[in-house]
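The analysis underlying the following values was restricted to heavy atoms, covering all of them including side chains, and did not include hydrogens, waters or symmetry mates. Numbers restart at 1 for each chain; the letters A, B, ... are given by sequence-line order, proteins then strands.
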There are 4 protein chains.
Amino acid sequence: MVGVAVVVGVGPGLGLSIARRFAREKYTVAILSRDLEKLTKMAEDIVEKEKSGQVCAIRIDCSDSKSVKEAFEAVNSLGPVEALVYNTNTPFPWPPPKFTEINVESFQRSITIPCVGAFLCVQQVIQGMVERQKGTLLFTGATASMRGGAGFSEIACGKFALRALAQSLAREYQPQGIHVAHIIVDGIISSARYNTIREEDAMMKPDTIADIYWHVHSQHKSAWTHELDVRPFPEKF
Amino acid sequence: MVGVAVVVGVGPGLGLSIARRFAREKYTVAILSRDLEKLTKMAEDIVEKEKSGQVCAIRIDCSDSKSVKEAFEAVNSLGPVEALVYNTNTPFPWPPPKFTEINVESFQRSITIPCVGAFLCVQQVIQGMVERQKGTLLFTGATASMRGGAGFSEIACGKFALRALAQSLAREYQPQGIHVAHIIVDGIISSARYNTIREEDAMMKPDTIADIYWHVHSQHKSAWTHELDVRPFPEKF
Amino acid sequence: MVGVAVVVGVGPGLGLSIARRFAREKYTVAILSRDLEKLTKMAEDIVEKEKSGQVCAIRIDCSDSKSVKEAFEAVNSLGPVEALVYNTNTPFPWPPPKFTEINVESFQRSITIPCVGAFLCVQQVIQGMVERQKGTLLFTGATASMRGGAGFSEIACGKFALRALAQSLAREYQPQGIHVAHIIVDGIISSARYNTIREEDAMMKPDTIADIYWHVHSQHKSAWTHELDVRPFPEKF
Amino acid sequence: MVGVAVVVGVGPGLGLSIARRFAREKYTVAILSRDLEKLTKMAEDIVEKEKSGQVCAIRIDCSDSKSVKEAFEAVNSLGPVEALVYNTNTPFPWPPPKFTEINVESFQRSITIPCVGAFLCVQQVIQGMVERQKGTLLFTGATASMRGGAGFSEIACGKFALRALAQSLAREYQPQGIHVAHIIVDGIISSARYNTIREEDAMMKPDTIADIYWHVHSQHKSAWTHELDVRPFPEKF
């Protein structure tokens, strides 16, 4: 039996594709986000398309440690977690605001969700992974993981911090058999929102990125990738 | 008349040396930290040694936006701020804890102080700098700004996030005449605590690092440094 | 029909595994190195094990532009090149020499082989790839691609330069449909030489790394990886 | 008595300013480049303006190890070398050429001059520095030290390699008391060539950059900078 794959931060884009990819490989899949109604529809959709036995929709608020704990009680009851994908997205306004227009609650939140949220989720599963000497932690980074652009302090602070967390976890847990990877998604993921403003080929298809997550998860422990970038072919970088 | 230099995070080490360095150059200096009693003694000490006219001790709690606002009302009443040095230190336990032993309040705090605290302080002074088209923001980084080591997730997440903030600010404000620099202090600063365990030459003297802060602040706008590292000569890196 | 995969720098380790991996996928494979005798045996070995139709052994001296041109006349006669893997290895003495002990011929050579050699090989195939709007260039990096260690100036200078070349090629050719990736192999690849001094699991198996090269080559153009690292699970980094 | 400062790669811009800066501090200065006639005029100019006692013009071809050795015999006869500044410039055509238009001799040369040239020059002075446990090696980097842009493979390969050399030297020699720094000059240095196409303030003045070289050389060994960037205030990065 394969184990449980957990995807935190599941909307109709990359999160859904990753969940579907693990479902296709016969994992029991838990999908988590704040909107249980949408989650439930996505879970049904995955089961139908992938003929997968078990996809669980679980509500989570990553800014609330109590909510995270409760959500992972449900997750852990499904079986041993083999993969945790932390994929929350920081929505950012466009055009980017002036620094002086950002309020502190928004700024604080922009760090809490990606980084403290990831911290909390990892704490709920890592002990079991260590005991089984097996598991994968995958974190979704962004262009802003490597570069603090003008007007992007919110997303950059959160994503830099998440990258630091991924490194610290890799250095502590990889020698114990837990694979930790940070995937820098550098470009726009195609979606209903963007399809009208940019030609399709210039954007990343969620399913093709999900294949990369799956590949990283599947790597043999003698050759693990900790960090990689992903971008569509015409993307400037 | 030279203006005001503000140093946030002043203990008996680097913060004090930086404050003293600006006092020597006839700046009005505001020194801020949580412990007003110690601050006051340090202020007196600076005035006496540097024969400087004005050093103000102001209490601040960088995790509290109200406290930051009040502190900077006092700061701004001293005159136009020409330099803001954000130098708070994240104390970290030694040996580094296991990831599973870190509690979420401590983790949240380890990001809030360096990064949200810096955000708040910059917001109190940046508008005035922009209006005067002049000013310097200096941020103290660490080894953990560049590398998330095993057991160091707390300090690394905060310091990575601070580096992102510094980059975002540099890219937004340098074209407006505000110099933003991130100084990576990579090594142990000599102090009473460490002098017994490591030979003196292998540690950084706070005064010599302060000279570097001063140099960066003094750079002409045609040749600004945004990032530099500092370490004692025998330090491995 | 699939096209031609070229692997430059084929010894009994990673190069051979990559060649075998492409042969398994029914590519016509050209393997190149200086030692035609060993190459020929490896070619026979691949054909036998992978039941692959065509594996060509071609002699090349990457420090000699004439030799590179002749070798690639043979390569290009096999059909359209779809993948070029540049995998030459800089042998380095252990323990690392003092800087003052390195002679200039050796130093010059240590840059010429990885970087000028790669330059020459790419020039032989890139025009065809551009015309077909299709192709992959894969470069083998090392720990020394990211860090110039004490005593490792030779390998680091060459590998840093190769990384620069990979970036320049990616930024020029990815928008034209050519995938360019730089794979940082950070650790020891298991081989007869090392198997006695380090436990097997702590080293990278060539076949598992070759799977990663294959994965990168297989990525859809909407989600290309330009850089990734690979290391065995217990490797410090 | 202060010692000898050597500047390799002296044209009318940054190299000249650095030489002048050390002359002002009463160093015996050796200036080296391929054009002895221009060098001699610059030497006279420095002596006149800085009232400095000794500035020697010495011909060097950094691509020729014999020429380097002869040049440094002259250099070393002046006294103990305290600072070596390696500041050769790779001229690059504008607009940047297509990769396929670069010929191998040009490419080879673009790596040899910055990196092998630096290797050769350092080898002529490092032993003396080690014996005196004192000395500074300063290397001029560029935007292309950190990023291989489309069309910039020549300059990027050479500058990446030079950065690797600087790191290797720092890690080997800093513990022995030799300061090694890599200065990333990110932007256009003002000169007759550029002054017509860009407003003056948007370019770096050579003298202000030279101040930074001097500052780095002057740092106390308890707080050494290994790498820093420099750019004019409006420069995008």
Side-chain angles (χ1 to χ4, degrees), chain A residues 63-66 68-69 96-112 114-120 122-124 126-127 130 144-175 180 182, chain B residues 63-66 68-69 96-105 107-112 114-120 122-124 126-127 130 144-176 180 182:
Chain A
S63 68
D64 173 6
S65 65
K66 194 156 157 285
V68 173
K69 271 180 201 163
K98 289 185 186 181
F99 178 73
T100 49
E101 290 166 3
I102 304 171
N103 72 60
V104 66
E105 289 74 26
S106 162
F107 187 79
Q108 173 81 60
R109 187 172 172 76
S110 73
I111 307 178
T112 299
C115 185
V116 184
F119 169 91
L120 287 168
V122 173
Q123 285 212 334
Q124 311 306 313
I126 192 72
Q127 200 53 49
V130 169
S145 303
M146 307 295 283
R147 185 180 189 279
F152 292 103
S153 60
E154 289 186 280
I155 187 169
C157 289
K159 287 294 193 185
F160 268 59
L162 177 62
R163 187 173 179 240
L165 180 66
Q167 288 187 11
S168 292
L169 290 169
R171 291 188 170 107
E172 180 167 352
Y173 290 111
Q174 291 204 161
V180 183
H182 180 244
Chain B
S63 67
D64 173 6
S65 65
K66 194 156 157 285
V68 173
K69 271 179 200 164
K98 290 186 184 179
F99 177 73
T100 49
E101 289 165 4
I102 304 170
N103 72 59
V104 66
E105 288 76 24
F107 187 79
Q108 172 81 58
R109 188 173 172 76
S110 73
I111 307 178
T112 299
C115 186
V116 184
F119 169 90
L120 287 167
V122 173
Q123 285 212 333
Q124 311 307 312
I126 192 72
Q127 200 53 47
V130 168
S145 303
M146 306 297 282
R147 184 178 191 279
F152 292 103
S153 60
E154 288 185 281
I155 187 168
C157 290
K159 288 294 193 186
F160 269 58
L162 178 62
R163 186 172 180 241
L165 180 66
Q167 288 186 11
S168 293
L169 290 169
R171 291 187 169 108
E172 180 167 352
Y173 290 110
Q174 293 206 158
Q176 300 182 52
V180 183
H182 180 244

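- Among the candidates A:Phe152, A:Tyr173, A:Phe107, the residue making the largest number of heavy-atom pairs closer than 4.5 Å to chain B is A:Phe107.
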I'd like a table of donor-acceptor pairs (distance under 3.5 Å, sequence neighbours excluded) in which one partner is a side-chain atom from residues 97-104 of chain B, with atom names and distances.
residue, atom, partner, partner atom, Å
B:Glu101, OE1, B:Lys98, N, 3.4
B:Asn103, OD1, B:Glu105, N, 3.1
B:Asn103, OD1, B:Ser106, N, 2.8

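- Side-chain contact check for B:Gln108 versus A:Gln108: some heavy-atom pair is nearer than 4.5 Å.
- The greatest number of non-hydrogen atom pairs below 4.5 Å with chain B, out of A:Gln123, A:Gln167, A:Arg171, is found for A:Arg171.
- Residue with the most contacts toward chain B among A:Ile126, A:Val130, A:Val122, A:Leu162: A:Val122 (heavy-atom pairs, distance under 4.5 Å).
- When each of A:Leu120, A:Leu169, A:Val116 is checked for heavy-atom pairs under 4.5 Å with chain B, A:Val116 comes out on top.
- Heavy-atom minimum distance, A:Glu172 versus B:Gly151: OE1-N, 3.8 Å.
- By the side chain to side chain contact (heavy atoms under 4.5 Å, CB included) test, A:Ala144 pairs with A:Ile155, A:Ala156, sequence neighbours left out.
- Both the backbone and the side chain of A:Leu165 come within contact range of chain B, judged by heavy atoms closer than 4.5 Å.
- Listed here is the closest heavy atom pair of B:Gly149 and A:Ser168: O-OG, 3.0 Å.
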